[in-house]
Amino acid sequence: MSNHQTIFQEECIRCTPAGDRFKFAFDNSEHALSLLSCKKTFLDANPEFARMSQYPACELISMPFNALFPKKMDYTPPLPQGQMTQESPLFTIKTLMQTKDKNKRHVRITISPLAASQKADPVFQALVEPCLPHVNTEDTLKMDRLRSIGDLAGGIAHNFNNIMTALYGNITLARMELPVKSNAIPYLEKAENSMNQAVKLTRQLLTFAKGGSPVKEKFNPGPMIRDTVLFNLSGSNVRLNLALPHTLWPIRADKNQIGQVIDNITINARQAMTTGGTFFLGMKNTTLLKDNLLTIAKGAYIKITCRDQGKGIPEKNLARIFDPYFIAMPIIIYTS
């Protein structure tokens, strides 16, 4: 008799014909089954469990349960010893199973108590079934909603471009009909400048909708970022602390997108410090190695650090801060 069969009989008191039938069903089940002690160690495992885990049953005996399932699970019996039944499982949970070759499999575990005598320690049966990775329904709905918003943004941006083309054409024709020194020329120039800003917004919408790609160019980000911050904080009671070295490396990026990010961060900081404070913005050269904690490739980058003294984002809005166009606070329009 093998070692694990001996433990099986000693721990589970299998000295009856019914116990022999249970042992036969256990070993020949098409499901992955194992027996666990109250100390959260393996007492036995059937061939299907051994196949799934890639551990021989003899190696599993006395091995901690969490060696295969790192996620902590407490299967302490809810009833006093001797009063447990097999009517319902203790719990069912989806988790990851780490096999002997260090691969991870998505599984569903159902742990049930086995009836035991008053003198015997409780024994538990674990049923392990393969399953699909857990999908958060809320996240799926959120992604579907964002895709719908992207489709809508793309349609609006394309139609808006058509309207802007007509406006540009008519303004150009109007300037051709006017004398060079006409008082109306400055107003038409301001209209063109406003339309240029609208075109930048259209590009952002198209990029968000994946209908367009960022327009990347090589430039020094320092002067553009400095001008953006100074413009947005002008006239406010917010003090500015800038740390922009003259030795910054040039970057290759979409200037409009970078400017929009800094613009939004600065405006948010100004709105968060209604009674005043200090806004810090620093930039420095940095090199990332291959093994970094970020999800970007190794190489040379510019690190931008922003810090304000506002009261922070309300907890109810934290889950939505990366939603496109989500407004966590009322927009304040400053006028001179």
Side-chain angles (χ1 to χ4, degrees), residues 4 7-8 11-12 22-81 83-116 121-148 293-295 315-323 326:
H4 75 275
I7 293 177
F8 184 102
E11 295 288 346
C12 304
F22 180 91
K23 175 61 176 170
F24 178 83
F26 178 85
D27 284 340
N28 292 277
S29 174
E30 62 181 12
H31 301 294
L33 300 172
S34 63
L35 296 180
L36 310 171
S37 72
C38 59
K39 297 179 181 179
K40 300 178 176 60
T41 59
F42 286 100
L43 297 175
D44 200 359
N46 71 353
E48 181 60 23
F49 188 95
R51 184 197 65 78
M52 180 179 287
S53 67
Q54 299 182 351
Y55 282 98
C58 59
E59 289 187 25
L60 286 169
I61 293 174
S62 299
M63 183 183 293
F65 181 67
N66 287 338
L68 272 69
F69 307 99
K71 184 174 182 179
K72 293 183 180 180
M73 288 176 276
D74 183 12
Y75 53 87
T76 304
L79 296 174
Q81 190 170 314
Q83 297 182 24
M84 292 185 299
T85 67
Q86 295 172 271
E87 294 179 357
S88 61
L90 284 182
F91 64 79
T92 297
I93 187 172
K94 289 184 178 181
T95 186
L96 289 175
M97 177 187 202
Q98 183 167 290
T99 61
K100 188 175 182 179
D101 62 358
K102 305 303 180 183
N103 287 327
K104 292 184 179 180
R105 305 182 61 173
H106 292 272
V107 297
R108 179 173 55 249
I109 303 177
T110 302
I111 295 185
S112 307
L114 295 180
D121 289 333
V123 176
F124 304 88
Q125 175 180 275
L127 166 65
V128 180
E129 303 168 285
C131 67
L132 295 175
H134 175 70
V135 178
N136 190 310
T137 304
E138 183 178 344
D139 290 344
T140 302
L141 293 174
K142 182 177 180 179
M143 291 304 299
D144 290 340
R145 185 171 66 251
L146 289 178
R147 277 192 290 268
S148 297
L293 299 178
L294 304 174
T295 57
E315 187 175 353
K316 65 179 182 179
N317 294 326
L318 287 176
R320 300 193 61 190
I321 60 175
F322 294 110
D323 287 6
F326 171 69

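Predicted, not measured: the structure shown is a model, and the values here were computed from it.
Contact annotation: the side chain of E48 never approaches that of L33 to less than 4.5 Å [non-hydrogen atoms, C-beta and beyond]. The shortest distance between side-chain heavy atoms of Q98 and N103 does not fall below 4.5 Å. F65 has its side chain within reach of I109: a pair of non-hydrogen atoms, C-beta onward, lies under 4.5 Å apart. When side chains are defined from C-beta on, L60 does not count as touching S34, because their heavy atoms never get closer than 4.5 Å.
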Full working for ring pair (Phe, Tyr, Trp, His ring centres under 6.0 Å) between F49 and F42: CA-CA 12 Å; F49 188 95; F42 286 100; 5.6 Å; yes
Please assess V128 against L68 for the test side-chain contact (heavy atoms from CB on, under 4.5 Å), listing each intermediate value before the final yes or no. CA-CA 11 Å; V128 180; L68 272 69; over 6 Å; no
Steps toward side-chain contact (heavy atoms from CB on, under 4.5 Å) verdict (V107, E129): CA-CA 5 Å; V107 297; E129 303 168 285; over 6 Å; no
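Residues N46 and D27 share a closest heavy-atom pair of CB-CA, 4.1 Å. Considering all non-hydrogen atoms of both residues, K100 and Q54 come closest at CD-O, 3.4 Å. Scanning all heavy atoms of the two residues, the minimum distance from Y55 to M63 falls at CE2-CE, 3.7 Å. The two residues K94 and R108 come nearest to each other via the heavy atoms CE-NH1, 4.1 Å. Between M52 and T99, the shortest heavy-atom distance links the atoms O-CG2, 3.5 Å. The two residues A57 and A50 have their closest heavy-atom pair at N-CB, 4.2 Å.
Within the 3.5 Å criterion, the main-chain N or O of F24 finds a donor-acceptor partner in the side chain of N28.
Separation of atoms CG (L43) and SG (C38) is listed at 8.5 Å; rounding is to 0.5 Å.
Counted by atom type alone, T41 and S62 present zero donor-acceptor pairs between their side chains at under 3.5 Å.
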